[in-house]
Trainee: 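First the structure, which I've put down as structure tokens, then a few questions once you've had a look.
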There are 2 protein chains.
Amino acid sequence: MSNTIKEVAKLAGVSVSTVSRVINNSGYVGEKTRKKIVDAMDTLSFEPSSIARGLVSGKTSTIGLLLPDVSNPFFAEVARGTEEAAIESGFTVILCNSNWDLERERMYLNVLKGRAVEGVIVIGNRSAERDLIGAVSPLPCVFVDRKVSSDQSYIWIDHEKGASIATEKLLSIGCEHIAHVTGPRKSTSARSRLSGYLKTMKQSGMEPSVVPGNFRFAGGYEAAKALFLKDNPPDGIFAANDMMAIGIIQAANELGVSIPNDVSIVGYDDIDMAKCTSPALTTIRQPANEMGRAAFSLFKNRVSEMKIEFDARLVERKSTK
Amino acid sequence: MSNTIKEVAKLAGVSVSTVSRVINNSGYVGEKTRKKIVDAMDTLSFEPSSIARGLVSGKTSTIGLLLPDVSNPFFAEVARGTEEAAIESGFTVILCNSNWDLERERMYLNVLKGRAVEGVIVIGNRSAERDLIGAVSPLPCVFVDRKVSSDQSYIWIDHEKGASIATEKLLSIGCEHIAHVTGPRKSTSARSRLSGYLKTMKQSGMEPSVVPGNFRFAGGYEAAKALFLKDNPPDGIFAANDMMAIGIIQAANELGVSIPNDVSIVGYDDIDMAKCTSPALTTIRQPANEMGRAAFSLFKNRVSEMKIEFDARLVERKSTK
DNA sequence: TTGTAAGCGTTATCAT
DNA sequence: ATGATAACGCTTACAA
């Protein structure tokens with residue numbers, strides 16, 4: 001049962017401030033007194049109230065982590081990285097799933113502020129930049145997977161470049177009809193990938209073909225079914241993330257479309273599962289765990305205006321010729 | 001900018017107690033006054049400090065959710081359900097990934113207590129029951145996916161029965177050599193599934209064949225490779241969860257083992273992806289989201305000694321004859 | 001070396 | 001219908 005500092009003080013026959021000193025290891029405390037207090041704390045199994053402490057110090061050792069959907073393995077992995085780094089620094093993280101919903105994003109941001117988090121890490125959000133910054137201000141905010149123009153910090157990876165690499169790979173192996181299955185419209189990273197695809201296609205004078213997706217397995221699956229049933233099916237597909245790419249592979253297998261003979265597939269993320277699909281998925285690797293850890297360290301070190309950029313790179317496996 | 005109730009009071013030209021009344025919708029407040037105050041709160045975009053509230057009321061409206069691994073879709077979905085229900089009740093949840101690590105479980109439990117959560121929901125943990133209860137005591141604790149003998153509450157689903165149903169299905173279609181790929185040894189649900197499998201096999205006089213797994217895609221994949229390369233490969237496999245079943249399907253596809261002709265596969269969980277594998281996965285359905293919601297409601301209504309049991313049921317798809 | 005007392009932002013109990 | 005004011009459990013000058 002959690003007792004108060006007062007009861008400890010009484011039992012030890014000292015004042016609360018002395019007890020506070022031994023709790024925080026600050027100021028001078030006589031050896032005998034310290035021992036008496038420690039004993040008292042033990043017998044009462046005293047645990048200081050982090051609420052009261054938070055009220056006084058304004059510090060809660062808590063950060064908020066806002067992301068669209070933990071079920072997405074990429075986000076889950078970033079969250080893991082952040083959480084691991086946080087715990088190592090004595091912080092705890094409050095996890096919020098916005099579900100790609102603008103309203104919920106705003107709501108959560110308020111909840112977090114009310115909870116007096118010391119900072120917010122936002123991953124793959126949809127809100128307009130100024131809305132977001134306005135909403136969390138004056139808390140430090142680190143953006144992951146999104147470049148922001150102001151003096152905020154962010155962890156970034158060049159999706160446009162990654163998408164170009166993916167598209168170029170498909171081009172380089174001779175694909176002549178390359179389709180792109182997108183992520184949710186409001187996801188900035190999805191948009192960047194789309195734009196990288198579009199640019200690269202334009203540069204090489206190819207006709208783009210875009211199918212809307214949603215970053216989920218089922219989305220890729222549906223998109224692929226539609227694509228393969230067309231008169232002029234693609235011979236290359238760049239999916240905006242691995243989950244959809246895996247859905248595409250399943251659809252292809254079901255329809256008897258052979259990978260990579262009939263169609264080559266490139267995904268994005270390099271989630272665990274990508275190694276093990278059949279055929280194994282060629283994809284653009286994002287170091288998710290590291291990105292999460294980096295986000296926390298940016299927050300922790302109170303660096304503002306710091307931009308860490310990671311490199312997306314191609315991981316070639318068997319789903320491309 | 002997070003303002004205080006004082007500043008709102010000043011701006012509205014009233015006392016803090018009146019502001020407190022409109023915040024909490026308690027006591028009488030004149031219509032005009034209320035409007036002034038609401039306006040003031042808006043212009044300052046005031047958000048009450050839940051810390052200060054917590055200090056006064058002793059309530060933090062926060063619960064801890066301890067689970068082994070958010071990357072596991074089943075856990076992710078339970079977490080989603082819990083979080084949704086929590087938010088609807090004005091609670092926020094602190095999410096902790098134990099990574100199936102006993103040490104981390106204990107550590108997190110302490111962190112949560114220090115953070116003054118009002119209760120803890122524990123999913124699929126490994127710790128011994130009394131350790132766990134001792135560690136969170138005196139906080140209310142709801143166990144998900146685990147039956148506990150004491151007066152604690154739990155949400156449960158009969159894994160042994162589910163596993164029996166799965167095994168029986170395989171038996172009923174004439175499989176003669178049925179293997180089981182297990183979950184992590186220390187997972188109680190994995191153990192129950194194993195025991196259901198073992199029992200059913202024994203009842204029907206069949207020789208069991210158990211391969212260790214880990215609930216992850218790669219685990220199923222590896223196990224299947226080993227299994228299919230044996231002299232006497234199985235004609236039926238019951239995987240302790242869907243992620244592994246999907247890994248098994250991939251391995252089968254790669255090795256040219258035909259499903260369900262050469263081998264029938266049954267999974268466990270019925271995650272989203274199960275519908276879309278190729279062939280679609282026959283599996284035991286667990287209502288993950290509902291289980292998460294139920295867990296929160298058990299906590300919320302402060303019911304102790306309440307046991308909610310869900311039913312596992314077979315969802316037949318194409319991976320079984 | 002130790003104690004006293006003033007907050008931290010709320011809520012709740014009295015008055016008014 | 002509204003306002004003072006005393007808690008809540010702790011930290012932290014400032015005194016002693």
Side-chain angles (χ1 to χ4, degrees), chain A residues 1-41 44-62 90 110-118 138-139, chain B residues 1-41 44-62 90 92 113-118:
Chain A
M1 191 62 70
S2 218
N3 302 277
T4 75
I5 199 176
K6 257 183 202 157
E7 323 190 49
V8 176
K10 197 161 87 183
L11 181 58
V14 298
S15 75
V16 292
S17 33
T18 310
V19 178
S20 177
R21 280 184 203 105
V22 352
I23 293 173
N24 299 288
N25 247 304
S26 63
Y28 300 94
V29 181
E31 255 327 304
K32 277 182 198 155
T33 326
R34 152 167 279 117
K35 184 166 175 2
K36 269 193 304 188
I37 293 175
V38 170
D39 285 351
M41 295 201 302
L44 296 177
S45 69
F46 166 79
E47 191 71 33
S49 151
S50 61
I51 310 205
R53 289 180 127 169
L55 222 211
V56 176
S57 65
K59 309 241 162 276
T60 52
S61 295
T62 303
N110 275 334
V111 168
L112 290 173
K113 272 168 79 173
R115 287 281 177 283
V117 298
E118 291 187 36
L139 295 178
Chain B
M1 186 71 67
S2 216
N3 303 277
T4 74
I5 200 176
K6 259 183 200 158
E7 322 189 50
V8 176
K10 198 161 86 185
L11 181 58
V14 298
S15 74
V16 292
S17 13
T18 310
V19 177
S20 178
R21 279 185 203 103
V22 352
I23 294 173
N24 299 288
N25 246 305
S26 64
Y28 300 93
V29 180
E31 254 328 302
K32 278 183 199 154
T33 325
R34 154 166 279 117
K35 185 167 176 357
K36 269 193 304 189
I37 293 174
V38 170
D39 286 350
M41 295 201 302
L44 295 177
S45 68
F46 166 80
E47 191 69 34
S49 152
S50 59
I51 306 209
R53 286 179 133 170
L55 222 212
V56 178
S57 64
K59 310 239 160 278
T60 53
S61 295
T62 303
T92 95
K113 271 169 79 172
R115 289 283 177 281
V117 298
E118 291 187 37

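Order of the sequence lines fixes the chain letters, A, B, ..., with proteins taken first and strands second; residue numbering starts at 1 for each chain.
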Trainee: Without decimals, in angstroms, what is the distance between I51(B) CD1 and dG9(D) P?
Mentor: 15 Å

Trainee: In this structure, how many angstroms lie between the P atom of dT11(C) and the NZ atom of K59(B), rounded?
Mentor: 15 Å

Trainee: Expressed in angstrom and rounded to an integer, what is the separation of Y28(A) atom OH from dT12(D) atom C1'?
Mentor: 16 Å

Trainee: Judged by each residue's nearest nucleotide on DNA chain D, which is more toward the 5′ side, V19(A) or G13(B)?
Mentor: G13(B)

Trainee: Would you compute the distance between atom CG of L44(A) and atom NZ of K10(A) and round it to the nearest 0.5 angstrom?
Mentor: 10.5 Å

Trainee: Rounded to the nearest angstrom, tell me the gap between atom CD1 in I37(A) and atom C1' in dT1(C).
Mentor: 11 Å

Trainee: So, do I5(A) and I23(A) sit near enough that their side-chain heavy atoms are less than 4.5 Å apart?
Mentor: yes

Trainee: I want to verify a distance call: between dC10(D), dT1(C), dT10(C), whose nearest atom is closest to the V56(A) side chain?
Mentor: dC10(D)

Trainee: Of the nucleotides dT5(D), dA7(D), dG3(C), which has the atom closest to the S15(A) side chain?
Mentor: dG3(C)

Trainee: Ignoring backbone atoms, test whether R53(A) places a side-chain nitrogen or oxygen under 4.0 Å from the OP1 or OP2 oxygen of dC10(D).
Mentor: no

Trainee: Just checking S20(A): base, sugar-phosphate only, or nothing, at a heavy-atom cut-off of under 4.0 Å?
Mentor: base

Trainee: Could you tell me the separation between the OG atom of S49(A) and the CG atom of N3(A), rounded to the nearest 0.5 Å?
Mentor: 12.5 Å

Trainee: Which residue lies toward the 5' end of DNA chain C, A52(B) or K32(A), if each is placed at its nearest nucleotide?
Mentor: K32(A)

Trainee: Between K10(B) (NZ) and dG9(C) (P), how many Å, whole number?
Mentor: 13 Å

Trainee: Picking from dT5(D), dT11(D), dT2(C), which would you name as closest to the side chain of V16(B)?
Mentor: dT5(D)

Trainee: From the list dA5(C), dT13(C), dT2(C), which nucleotide is the closest neighbour of the side chain of R21(B)?
Mentor: dT13(C)

Trainee: Over how many whole Å does the gap from N3(A) atom CG to dC8(D) atom P extend?
Mentor: 14 Å

Trainee: Using a heavy-atom cut-off of under 4.0 Å over every strand shown, decide if S17(A) touches base, sugar-phosphate, or nothing.
Mentor: base

Trainee: Hey, does E7(B) have a side-chain heavy atom less than 4.5 Å from the side chain of L11(B)?
Mentor: no

Trainee: Just checking, any donor-acceptor pair under 3.5 angstrom between side chains of S17(A) and S20(A)?
Mentor: no

Trainee: Starting at CD of E7(A) and ending at C1' of dC8(D), how long is that distance when rounded to a whole Å?
Mentor: 13 Å

Trainee: Among dT10(C), dT2(D), dT11(D), which is the nearest nucleotide to the side chain of N24(A)?
Mentor: dT11(D)

Trainee: Once you apply a heavy-atom cut-off of 4.0 Å, does T33(B) come out as touching a base, just sugar-phosphate, or nothing?
Mentor: sugar-phosphate

Trainee: For the pair made of CG in L55(B) and P in dG9(D), what is the distance, rounded to whole Å?
Mentor: 7 Å

